[in-house]
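FYI, side chains are in, hydrogens and waters are out, and symmetry mates aren't considered; it's all heavy atoms of this structure. So you know, we letter chains A, B, ... as the sequences are listed, proteins then strands, and number each from 1.
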Amino acid sequence: MSIEKIIQNATVEALKTLYNADIDINQVQVQNTRKEFEGDVTIVVFPFLRASKKSPELTANDLGSYLSEKVDIVDSFNVIKGFLNLVINNTYWLEVLRDIYQNQDFGTKSVTEDSELVMVEYSSPNTNKPLHLGHIRNNLLGFSISEIAKANGKKVVKTNIVNDRGIHICKSMYAWKMWGNGKTPENSGMKGDHLVGEFYVEFDKHYKAEIAELVAGGMTKEEAENQAPSIIAAREMLRKWEAKDEETVELWKTMNGWVYEGFDVTYKNLGVDFDKIYYESETYLVGRDEVIRGLKEGIFSQREDQSVWADLTADGLDQKLLLRSDGTSVYMTQDIGTAKMRFNDYSIDKMVYVVGNEQNYHFQVLAILLDKLGFEWGKDLYHFSYGMVELPSGKMKSREGTVVDADDLMDGMTEVARNMSKELGKLESLSGEEAEKTFRMIALAALKYFILKVDPRKNMMFNPEESIDFNGNTGPFIQYTYARIQSVLRKATEKGLAMDAGLPVTELSVKEKDLLKRLSLFPSVVQEAGDNYSPAVVANYCYELVKEFNQFYHDHSILGESDPGTMNFRLILASSVGQVVQKGMNLLGIEMPERM
RNA sequence: GCCUCGGUAGCUCAGUUGGAUAGAGCAACUGCCUUCUAAGCAGUAGGUCAUGGGUUCGAAUCCCGUCCGGGGUACCA
């Protein structure tokens with residue numbers, strides 16, 4: 001039982017005995033005592049004044065006396081204004097440490113047969129351009145909330161829905177056909193996704209020029225946008241693709257193949273993976289069938305031009321298009337089909353979509369549509385809506401080349417990590433290969449931590465010049481602390497020191513106790529992160545934990561300690577911090593180096 | 001217009017179901033390596049929590065108004 005629960009229960013009992021009052025357990029606010037006061041946990045007594053009919057001070061004294069007498073982990077208490085500070089005895093804290101040290105699963109729940117199955121959709125790229133910083137946030141969040149869900153005892157299926165069809169792909173295809181001169185990843189040495197993305201930009205360049213020319217010739221902008229030769233050709237390609245024209249399908253397969261090879265490299269470097277991948281080229285027809293079924297059943301309606309619509313005015317929303325007048329499907333149609341296939345494939349208890357907040361409306365509508373179509377899970381879908389990544393120059397736009405490319409960013413940060421390591425004279429004992437692996441690990445930690453430490457719901461600013469930091473509240477700082485701990489533990493092993501989990505009760509210094517208290521919070525952090533879908537909670541906890549450790553490390557010698565019992569305690573404390581930090585950072589997809 | 005999310009130190013961000021004197025990092029300045037890794041530790045300085053009201057023992061947090069900003073409101077995704 002957590003300390004909070006112990007104190008809450010005892011307080012409810014105390015109020016009953018002292019004042020014959022029935023107080024709900026949730027009324028008992030137990031918080032960590034602020035550093036400037038003596039004590040470990042604090043009870044706010046204001047909510048009990050009605051029951052006690054006494055001043056805050058007297059009420060707190062009554063309660064404090066009762067608790068220190070009846071609850072064996074409570075040693076003493078003090079009262080400041082309406083706050084009752086309780087001092088918890090060392091026996092309890094050492095018991096906690098013993099548990100952390102010995103229990104490999106400390107803080108996490110294991111998955112069982114009847115665990116809830118959560119499917120997490122994330123990444124969801126288009127196959128016409130490489131991944132950029134915005135996708136990185138998506139991928140990191142998706143991966144991390146999946147890991148956090150697992151730590152909370154859920155079965156997790158990570159899934160990716162690849163948008164591999166549509167007009168945007170045809171634009172790249174058409175541009176390659178026209179101006180590609182047979183360029184391939186092999187003959188150009190270019191990464192496949194970057195190559196295809198180049199032609200997407202190329203298309204836009206020609207398209208814009210054509211529009212300008214047509215407008216100069218007297219056309220309105222709208223007319224020009226619809227009649228430019230490039231766009232007409234791209235549309236024709238899409239039509240051919242849907243008609244399964246052999247040559248078009250062949251080109252589509254080839255170019256998508258290049259993109260997938262490129263994506264695989266990026267995903268691997270980023271350290272994310274998927275259990276099941278869906279392709280929109282396979283799901284959109286399922287969606288179309290569902291919409292047609294809905295039309296037959298009178299859930300949707302058809303207009304004179306043959307387009308199909310859902311009327312959501314009763315739900316306070318608008319009319320929503322589901323099939324175009326030419327019978328082709330839209331984004332919403334595909335998502336209906338994808339959802340249906342997923343629920344056929346798995347017995348999903350919870351469906352989570354990791355998609356940017358620009359699509360809040362889309363998912364609100366999707367939930368209602370799935371519900372109307374009779375899928376009982378529809379309205380329970382969870383849209384994990386995260387904020388945009390902004391640059392100092394504003395929004396990122398692929399077509400205009402104002403994006404921070406994912407591969408470039410990772411490479412660039414690795415370069416910075418390498419230079420900094422060399423400057424500091426670190427890792428000189430490692431082989432080139434091992435050192436290179438560590439540079440990459442550090443760079444990725446910097447990037448991932450920077451992104452995951454902020455509240456996912458909020459927009460965030462990324463300044464390529466300034467955001468690459470390795471000191472202070474950063475991933476590398478946490479890694480550094482971990483490496484320090486491992487270094488101490490290695491030296492302890494070399495000296496033949498065995499760690500004894502017996503832990504006889506000793507005096508604890510302020511720093512030792514603060515660190516131990518922080519460690520004990522890990523399980524509630526994991527749970528809170530799971531409940532709120534927030535990797536940021538874990539990130540901030542890890543930072544506070546290692547910050548606390550560094551203070552302890554600075555003030556106390558571990559291996560230089562003369563008292564064997566104290567040294568043993570400190571070794572176990574350090575080792576436990578290492579374990580918890582590693583576990584926490586792994587929930588963020590961040591690896592810990594043994595040396596750095 | 002309507003819907004929606006946000007505004008905390010010069011910058012980037014924390015701040016639990018309302019609790020004590022609002023916290024970190026970066027940037028600036030100052031100390032600490034003969035000692036387990038100085039990618040560290042300690043200190044100085046930096047705030048009208050956008051703004052005006054309200055609710056109460058208590059508001060950055062809850063409610064209403066105003067200002068500013070993001071996103072959405074497509075036969076784009």
Side-chain angles (χ1 to χ4, degrees), chain A residues 26-27 29 31-34 36-37 42 44-47 49 56 80-83 85 124 126 163 166-168 280 303 305 307-309 316-318 320-326 328-332 334-335 355-362 364 385 387-388 390 395 417 420-421 423-426 442 446 450 453-455 457-463 466-467 469-481 483-492 495 524-525 528 532 536-537 539-540 543-544 546-547 549-561 570-571 574 595-596:
Chain A
N26 294 316
Q27 290 283 302
Q29 298 175 46
Q31 46 194 257
N32 302 310
T33 304
R34 297 180 64 125
E36 55 268 39
F37 304 107
T42 295
V44 184
V45 302
F46 289 108
L49 301 186
I80 296 171
K81 294 198 263 181
F83 299 89
N85 302 319
S124 313
N126 292 353
N163 188 349
I167 189 72
H168 49 288
E280 284 189 355
R303 290 186 183 170
D305 64 2
S307 58
V308 178
W309 296 74
L317 303 174
D318 267 328
K320 189 75 192 175
L321 176 88
L322 299 176
L323 284 178
R324 295 193 186 99
S325 49
D326 64 2
T328 59
S329 40
V330 293
Y331 183 35
M332 189 61 76
Q334 294 170 173
D335 263 0
V355 180
N357 62 13
E358 59 202 347
Q359 290 181 31
N360 287 351
Y361 184 71
H362 174 82
Q364 203 184 337
S385 165
M388 301 288 100
E390 288 159 7
K395 273 195 81 170
M420 185 168 289
S421 260
E423 226 170 84
L424 294 169
K426 305 260 182 184
I442 294 168
F450 183 84
K453 78 174 174 184
V454 326
D455 184 339
R457 282 158 262 275
K458 291 186 180 172
N459 287 357
M460 64 178 292
M461 173 64 68
F462 186 89
N463 184 337
E466 295 171 8
S467 297
D469 204 343
F470 294 80
N471 298 317
N473 187 359
T474 65
F477 168 63
I478 296 170
Q479 290 179 316
Y480 173 73
T481 309
R484 268 180 152 180
I485 292 169
Q486 299 319 303
S487 175
V488 172
L489 296 178
R490 271 196 304 273
K491 291 208 160 79
K495 289 186 175 184
S524 63
V525 166
E528 194 195 334
N532 299 332
V537 170
N540 288 312
Y543 172 67
E544 281 158 13
V546 300
K547 195 174 161 56
F549 178 84
N550 278 321
Q551 292 170 11
F552 156 79
Y553 180 89
H554 182 264
D555 291 358
H556 301 288
S557 180
I558 300 170
L559 299 174
E561 170 58 42
R570 288 181 186 162
L571 276 170
R595 304 162 204 269
M596 73 179 272

Checklist entry - Does the side chain of Lys547(A) get closer than 4.0 angstrom to OP1 or OP2 of G40(B) through an N or O atom? => result no
Next on the checklist: Is it the case that the ring center of Phe83(A) lies less than 6.0 angstrom away from the ring center of Phe37(A)?
Outcome noted: no
Checklist entry - Is any side-chain nitrogen or oxygen of Arg570(A) closer than 4.0 Å to OP1 or OP2 of C36(B)? => result no
Next on the checklist: Is Lys453(A) close enough to C26(B) that one of its side-chain N or O atoms is under 4.0 Å from OP1 or OP2 there?
Outcome noted: no
Next on the checklist: I'd like to know whether the aromatic ring centres of Tyr480(A) and Phe477(A) sit less than 6.0 Å apart in this structure.
Outcome noted: no
Checklist entry - At under 4.0 Å between heavy atoms, what does Lys395(A) touch on the DNA or RNA strands: base, sugar-phosphate, or nothing? => result sugar-phosphate
Item to check | Nearest-angstrom distance from the residue atom OH of Tyr361(A) to C1' of C2(B) | outcome: 11 Å
Checklist entry - Base, sugar-phosphate, or nothing for Phe46(A), non-hydrogen atoms under 4.0 angstrom? => result base
Item to check | Value in whole Å for how far the P atom of C5(B) lies from CD of Glu390(A) | outcome: 17 Å
Checklist entry - What does Gln479(A) touch in the nucleic acid at a heavy-atom separation under 4.0 angstrom: a base, only the sugar-phosphate, or nothing? => result nothing
Checklist entry - Is the base of A39(B) touched by the side chain of Ser421(A) through a donor-acceptor pair closer than 3.5 angstrom? => result yes
Next on the checklist: Here's a test of your reading of the structure: between Phe470(A) and Gln364(A), which maps to the more 5' nucleotide of RNA chain B?
Outcome noted: Gln364(A)
Next on the checklist: Is there a side-chain contact between Tyr331(A) and the phosphate of A77(B), meaning an N or O under 4.0 Å from OP1 or OP2?
Outcome noted: no
Next on the checklist: Need one value for Val454(A): base, sugar-phosphate or nothing, where a base atom within 4.0 Å counts as base even if backbone is also close, heavy atoms only.
Outcome noted: sugar-phosphate
Checklist entry - Given A77(B), is OP1 or OP2 found less than 4.0 Å from the side-chain N or O atoms of Arg324(A)? => result yes
Next on the checklist: With rounding to the closest Å, how many angstrom separate the C1' atoms on C49(B) and A22(B)?
Outcome noted: 8 Å
Checklist entry - Has the side chain of Thr481(A) got a donor or acceptor atom sitting under 3.5 Å from an opposite partner on the base of A39(B)? => result no
Checklist entry - Under 4.0 Å between a side-chain N or O of Gln551(A) and OP1 or OP2 of A42(B)? => result yes
Checklist entry - Does the base of A39(B) carry an N or O that pairs as donor and acceptor with the side chain of Asn550(A) under 3.5 Å? => result no
Next on the checklist: Any side-chain N or O of Asn471(A) below 4.0 angstrom from OP1/OP2 of G40(B)?
Outcome noted: yes
Item to check | Tyr480(A) over G40(B), stacked by centroid distance under 5.5 Å, angle under 30° | outcome: no
Checklist entry - Between A39(B) and G25(B), how far is it from one C1' atom to the other, in whole Å? => result 14 Å
Next on the checklist: For A24(B), is there a stacking contact with Tyr543(A), counting only centres under 5.5 Å and planes under 30°?
Outcome noted: no
